[in-house]
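In what follows, every chain begins at residue 1, and chains take the letters A, B, ... in the order their sequences are listed. Just so it is clear, the model here is predicted, and its values are computed rather than measured. All heavy atoms count here, side chains included; hydrogens, waters and symmetry mates do not.
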Amino acid sequence: MLEYNHREIEEKWQKFWAENKTFKCEVDHSKPKYYVLDMFPYPSGAGLHVGHPLGYIASDIYSRYKRLKGFNVLHPMGFDAHGLPAEQHAIDTGTHPAITTDKNIKRYREQLDRIGFSYDWDREVRTSDPQYYKWTQWTFIQLFKHWYNKKTDKAETIEDLVKEFETKGNAETVAVVTPYWYKSIDKNLFPFEEDRDGVFTADEWKDMTEKQKQEMLMNYRLAYLSDTMVNWCSALGTVLANDEVKDCFSERGGHPVERKLMKQWSLRVSAYAQRLLDGLDKIDWFESLKEMQRYWIGRSEGGSVFFRIKGFEDKLEVFTTRPDTLWGATFMVLAPEHELVEKITTPDRKEAVKKYVEWAKNRSERERQAETKKITGEFTGAYGINPVNGEKIPIWIADYVLTGYGTGAIMAVPAHDSRDFAFARNFNLPIIQVVVKEGEEPTDTQTWEDSYDAKEGKMINSGFINELDVKDAIKATIKYLEENELGYGTVNYRLRDAIFSRQRYWGEPFPIYYKDGMPYALDESKLPLELPEVDKYLPTRTGEPPLARAENWVTEDGYPLETNTMPGFAGSSGYYLRYMDSRNDKEYFSREANEYWRDIDLYLGGDEHATGHLIYSRFWNMFLYDLGLVCEEEPFKKLINQGKIQGRSSFVYRKNGTNEFVSYNLRKNYDTTRLHVDINLVDNDVLDIDAFRKWRPEFKNAGFILEDGKYICGWEIEKMSKSKHNVQNPDDLIEKYGADTFRMYEMFLGPLENHKPWDTKGIEGVYRFIKKLWRLFYDEKGKLIVNDKQPNEKELKVLHQTIRKIQEDIERFSFNTAVSQFMICVNELTDLKCHKKEILEKLVILISPYAPHIAEELWSVLGNEPGISYVAFPEFNEEYIKENIFEYPVSFNGKMRFKLELPVDMPKDEIEKAVLAEEKSQKYIAGKQVRKVIIVPKKIINVVV
RNA sequence: GCGGAUGUGGCGGAAUUGGUAGACGCGCCAGACUUAGGAUCUGGUGCCGCAAGGCGUGGGGGUUCGAGUCCCUUCAUCCGCACCA
């Protein structure tokens with residue numbers, strides 16, 4: 001071959017890999033397994049830009065490296081194919097989302113194939129494929145048929161629960177249930193007395209009708225149907241998850257979102273809160289990501305306290321992290337939405353309270369966020385009784401108390417909580433100090449400017465816990481509350497159950513039908529329940545989801561099927577398990593496959609999934625673990641978040657009111673407007689004026705004010721987006737430079753996890769490097785110049801330095817520094833005029849994970865059988881990099897002054913003599929006394945004078 | 001406000017355990033080849049200074065023979081959360 005021709009080489013080897021199924025992998029007990037996974041993409045219509053493949057390249061390099069190291073590597077890819085854009089497109093154009101999705105996947109696949117990834121495509125999954133979502137539906141049925149037993153701390157079958165009810169009722173059952181489910185229960189259906197708190201006997205259970213039993217079990221199921229306050233987006237006709245809503249508008253589309261009560265399927269993720277929290281300590285993720293999850297789970301320890309309400313039978317349950325401050329509780333606050341507000345409000349306060357509740361309800365989240373400092377509230381006229389001292393304290397309502405957290409009611413301790421303090425000051429409520437800092441005296445709270453948020457100190461004004469310090473006081477108070485049945489110690493979590501219903505078409509149908517108004521799971525043999533055809537992808541006129549449009553959307557027996565579909569995270573929660581055995585049509589995956597592949601050794605993806613996918617998948621996996629289906633409780637052993645690649649936008653400056661453009665450094669002399677210009681028209685910040693004039697009709701006759709005969713553009717780092725005209729797509733770059741250059745350059749940009757700007761110019765440096773590598777094999781005339789001569793010391797040294805560095809760098813995911821080392825190695829071999837097969841062969845293996853196409857080509861050029869993917873990674877040999885002499889940097893008082901070559905085995909005292917004897921040293925000693933000479937062998941020499 | 005991360009040349013970044021700061025690449029400068037260069041090759045390139053030398057890892061302070069690296073303090077930027085009881 002005359003010259004390096006990436007097009008020819010890359011096409012040739014991509015074909016070779018595909019035809020030979022080089023990367024097909026199977027369970028193989030003779031080799032250790034390694035599972036490398038990329039977060040699978042949603043195939044959008046725009047195709048890939050240079051930011052998308054960053055993580056895929058890194059994981060591909062790692063996979064190829066692990067193969068060379070003798071591992072059996074599972075490295076699959078697939079598509080998260082359900083989603084809003086395809087559905088939106090269907091609504092707009094009538095094209096079935098499946099068609100759009102297939103088209104987009106095809107395009108993604110072409111783009112991915114051109115980059116030379118070593119995926120086992122035989123294992124591809126698509127979440128929208130019935131053969132895949134069969135198992136999503138299957139898992140949902142299992143969730144529906146299980147409950148969470150707190151005694152055994154795992155999921156157990158509803159069947160067993162029913163047996164327990166039949167023999168003992170539910171008095172002894174300790175389950176994770178919907179809080180206060182018995183309060184919202186249909187009183188006509190269950191004539192329980194108020195203080196029964198939902199407890200029933202075995203006889204009562206047996207006397208229940210089928211419908212009553214089903215209603216009751218719903219409070220226990222891990223997938224359950226309940227009235228839920230949801231984020232309703234009427235423009236989309238659907239409910240959105242909290243993380244799909246930004247500032248009261250839908251993240252996709254930007255439509256307004258309101259709070260609304262609806263019957264929704266939910267997953268009882270909260271049952272797993274503690275295990276999800278504990279699991280974080282066992283996995284190797286970035287600390288920042290773990291912190292985000294910890295915060296999301298939001299564990300807080302404290303106590304629940306019951307307050308009687310004067311004149312009522314009802315009690316208010318309140319959660320507090322500081323039961324010790326109970327004596328300082330001078331009022332209570334309920335959320336405006338609290339169920340008891342209406343009941344307890346006194347007639348004289350009715351109007352004011354009603355007005356406030358109305359106002360708070362109609363306030364958007366955005367308003368509430370913007371006005372966090374504004375203090376509002378209203379007195380209900382009712383009083384609670386402080387259980388520890390019998391004090392009568394007023395009950396207020398205020399929107400700083402949230403319905404969704406704790407019980408929607410708090411005891412306010414103004415002296416030691418800043419919000420309570422502000423509230424008390426605003427409404428002139430008493431403030432009692434109950435904690436005093438060690439060694440200080442209590443002061444008059446009237447003089448305070450802020451609360452004392454005391455995490456430590458001694459208790460005062462607090463009855464029997466006086467003099468105790470905070471920690472002991474908390475324990476003592478809880479003990480007292482429990483003994484007197486006034487409360488109990490407890491743990492509260494912020495994590496909420498996941499709403500699992502969407503009023504959408506393009507998602508998994510629920511395997512659920514309704515009989516007598518109650519939901520039942522389809523028989524597993526009926527799966528997959530395929531998505532039906534509809535005439536339109538919109539809600540019905542009565543507001544029902546699109547599936548309600550389907551004809552005959554009923555079971556064989558004529559029972560109506562559920563019309564909601566599952567949300568986006570349904571299909572992605574267990575996809576990594578399906579890859580293990582993705583063509584299995586009998587089960588989700590075989591036991592054998594799961595016991596071999598176990599878990600993901602390396603998971604790569606963006607940090608935008610920190611609290612969505614990465615929590616739901618862990619939950620999904622833990623549930624399957626409880627069922628004994630998977631053998632690892634945590635699915636993602638190590639996880640790396642790759643950074644985003646930002647765009648580098650270019651700008652031109654138009655003189656206002658004209659069609660004349662001013663070069664960057666002259667723009668300040670004029671009134672100008674900055675406009676984004678397509679980065680393809682700019683090279684090295686110089687605008688191609690002719691191309692610019694052709695770019696858009698309105699610039700056809702544009703005039704220019706130049707500097708040095710050139711038009712210089714301004715630039716800025718921004719998000720890569722079409723509207724900013726700064727999108728780089730991989731296809732163009734691969735066409736011009738080849739996939740190998742593209743892969744290496746993406747890695748060379750900087751550390752994987754950093755966000756970094758895309759610099760189009762820099763890729764040429766890597767391209768030069770690849771061509772330089774080629775020239776170690778071929779001269780300018782295209783003649784092969786590789787020889788069989790024995791390598792010399794210098795050549796072996798640089799090779800083995802490279803072997804060591806590449807290995808170390810890949811192991812610590814430092815791909816950018818590895819690329820540098822390849823450059824150093826090739827530069828040195830070029831300088832040494834080394835064309836020796838023995839050296840080059842090893843180098844080609846080293847580089848094959850990074851630049852697999854050229855590596856395969858050169859490997860076969862050297863006379864090897866094609867197929868570099870499964871050869872052995874070169875062994876590092878220390879002998880070759882050993883040095884006899886070391887060039888010591890010699891410092892005086894810590895400043896490096898000159899270098900001195902000395903034998904590595906020279907004893908310290910001789911080194912000292914040699915240094916002091918050195919002529920150059922005299923200058924820096926300059927008659928002063930040498931106080932100390934520090935010698936670190938093979939590192940430095942420091943002379944202290 | 002809380003939590004996390006990051007600050008090193010003109011730019012991306014390197015320095016893995018406290019031991020030669022700026023590897024490697026871009027850009028820039030000079031030169032060679034060339035009809036030409038936005039091709040290729042060679043050399044130079046942290047800053048100030050003619051030089052000797054001095055100054056340099058956001059700022060200030062400390063520990064140490066020696067600090068980009070450790071400690072204290074402060075500033076800036078980015079990300080996440082945001083009345084969480």
Residue A:I824, side-chain heavy atoms: nucleotide from B:A23, B:C83, B:A85 that is nearest:
B:A23

What's the base orientation of B:G9: syn (chi within 90° of 0) or anti?
syn

Would you say A:K638 has more than 12 foreign heavy atoms packed within less than 6.0 Å of its NZ?
yes

Could you please name the partner base of B:A85, counting Watson-Crick and G-U wobble pairs only when both distances are under 3.5 Å?
none

Counterpart base for B:G80, defined by Watson-Crick or G-U wobble contacts under 3.5 Å
B:C2

Return no unless some side-chain N or O of A:N827 is found under 4.0 Å from OP1 or OP2 of B:G25.
yes

Rounding to the closest angstrom, what is the interatomic distance between B:A23 and B:C78 at atom C1'?
27 Å

What integer distance in Å separates A:K908:NZ from B:C65:C1'?
12 Å

To the nearest Å, how far apart are A:K895 NZ and B:G54 C1'?
9 Å

Give one of base, sugar-phosphate or nothing for A:S288, where a contact means two heavy atoms less than 4.0 Å apart.
sugar-phosphate

With RNA chain B as reference, determine whether A:S814 or A:R322 sits nearer its 5' end, using the nearest nucleotide of each.
A:S814

From A:K710, A:K761, A:R648, residue fulfilling side chain to side chain donor-acceptor pair (under 3.5 Å) relative to A:D685:
A:R648

To the nearest angstrom, how far is A:I717 atom CD1 from B:G7 atom P?
17 Å

State, to 0.1 Å, how close A:D324 and A:W327 come at their nearest heavy-atom pair, and which atoms those are.
O-CE3, 3.8 Å

N/O donor-acceptor pair under 3.5 Å between A:Y4 side chain and A:K772 backbone
no

Rounded to the nearest angstrom, tell me the gap between atom CG in A:L289 and atom C1' in B:G80.
11 Å

If the C1' atom of B:G46 is compared with that of B:G13, how far apart are they to the nearest Å?
14 Å

Once you apply a heavy-atom cut-off of 4.0 Å, does A:I934 come out as touching a base, just sugar-phosphate, or nothing?
base

Polar atom pairs (N or O), protein with nucleotides 34-41 of chain B, under 3.5 Å:
unit_1, atom_1, unit_2, atom_2, d
B:C41, OP1, A:R775, NH2, 3.1

With sugar-phosphate meaning primed atoms plus P, OP1 and OP2, does A:N816 contact a base, only sugar-phosphate, or nothing at under 4.0 Å between heavy atoms?
sugar-phosphate

What's the closest nucleotide to the A:T817 side chain, out of B:G54, B:U16, B:A14?
B:A14

Between A:V401, A:L429, A:L334, which is the residue that forms a side chain to side chain contact (heavy atoms under 4.5 Å, CB included) with A:W396?
A:L429

Whole-Å distance between B:G80 P and A:Y295 OH?
14 Å

Value in whole Å for how far the C1' atom of B:A85 lies from CG of A:L334
13 Å

Roughly how many Å apart are B:A21 and B:U73, using the P atom of each and rounding to a whole number?
29 Å

Using the P atom as the reference point in each nucleotide, state the distance between B:G61 and B:G68 in Å, no decimals.
15 Å

Quickly work out the A:F822 CZ to B:A23 C1' distance and round it to whole Å.
16 Å

If you check every side-chain atom of A:M292, which of B:A85, B:G80, B:G3 has the closest atom?
B:G80

Touch class at under 4.0 angstrom, heavy-atom based, for A:N942 against every strand present
base

Under 4.0 Å between any heavy atoms, over every strand shown, what does A:R804 touch: base, sugar-phosphate, or nothing? Just pick one.
nothing

Can you tell me the Watson-Crick or wobble partner of B:A30, both distances under 3.5 angstrom?
B:U42

Can you tell me how the ring of A:Y452 sits relative to the ring of A:H416, calling it parallel under 30°, perpendicular over 60° and tilted otherwise?
perpendicular

Looking only at B:G19, B:G25, B:U16, the nucleotide nearest the A:R812 side chain is B:U16

Please list, chain by chain and in numerical order, all residues satisfying salt bridge (charged side-chain N to carboxylate O under 4.0 Å, His left out) with A:E887, sequence neighbours excluded.
none

Listed nucleotide nearest any side-chain atom of A:T320, set B:G3, B:C28, B:A85
B:A85

B:C24 and B:U42, which share atom name P, separated by this distance in whole Å
14 Å

For A:Y180 and A:E317, does a side-chain donor sit closer than 3.5 Å to a side-chain acceptor?
yes

Look through every strand shown and name the nucleotide pairing with B:U16 as Watson-Crick or G-U wobble, where both distances are under 3.5 Å.
none

Nearest to the A:K805 side chain among B:C65, B:U16, B:G13, which nucleotide is it?
B:U16

Using atom types as modelled and distance alone, determine if a side-chain donor or acceptor of A:R494 lies under 3.5 Å from a backbone N or O of A:Y405.
no

Taking only Lys NZ, Arg NE, NH1 and NH2, and the carboxylate oxygens of Asp or Glu, determine whether A:E883 and A:K797 approach each other closer than 4.0 Å.
yes

Classify the side-chain pair A:S270/A:D497 by whether it contains a donor and acceptor separated by less than 3.5 Å.
yes

For nucleotides B:U69 and B:G62, find the distance between their C1' atoms and express it as a whole number of Å.
15 Å

Do any side-chain nitrogens or oxygens of A:N754 fall under 4.0 Å of OP1 or OP2 in B:C78?
no

Measure from the side chain of A:F748, starting at C-beta and using heavy atoms only, and say which of B:U20, B:U16, B:G25 lies closest.
B:G25

What is the pairing partner of B:G37, taking Watson-Crick or G-U wobble pairs with both distances under 3.5 Å in any strand?
none

Using a heavy-atom cut-off of 4.0 Å across all strands, would you classify A:D607 as base, sugar-phosphate, or nothing?
nothing

Quick check on RNA chain B: between A:R494 and A:M896, whose nearest nucleotide comes earlier from the 5' end?
A:M896

Distance check, P atoms only: B:C75 and B:G25, in whole angstrom units.
40 Å

Ranking B:U16, B:G13, B:A23 by distance to the side chain of A:E808, first place goes to B:U16

Checking all strands, does A:V944 fall into the base, sugar-phosphate, or nothing category for heavy-atom contacts under 4.0 angstrom?
sugar-phosphate

State which of B:G27, B:A85, B:C65 makes the closest approach to the side chain of A:S300.
B:A85

Side chain of A:P757 - closest among B:A85, B:G12, B:C24
B:G12

Just the rounded figure in Å: distance from P of B:A85 to CZ of A:F307.
16 Å

Just call it for A:K899: base, sugar-phosphate, or nothing, with non-hydrogen atoms closer than 4.0 Å on any strand.
base

C1' atom, B:G31 versus B:A15: distance in rounded Å?
32 Å

Does this structure show an ion pair linking A:E901 with A:K899, if we count only N-O contacts that are shorter than 4.0 Å?
no

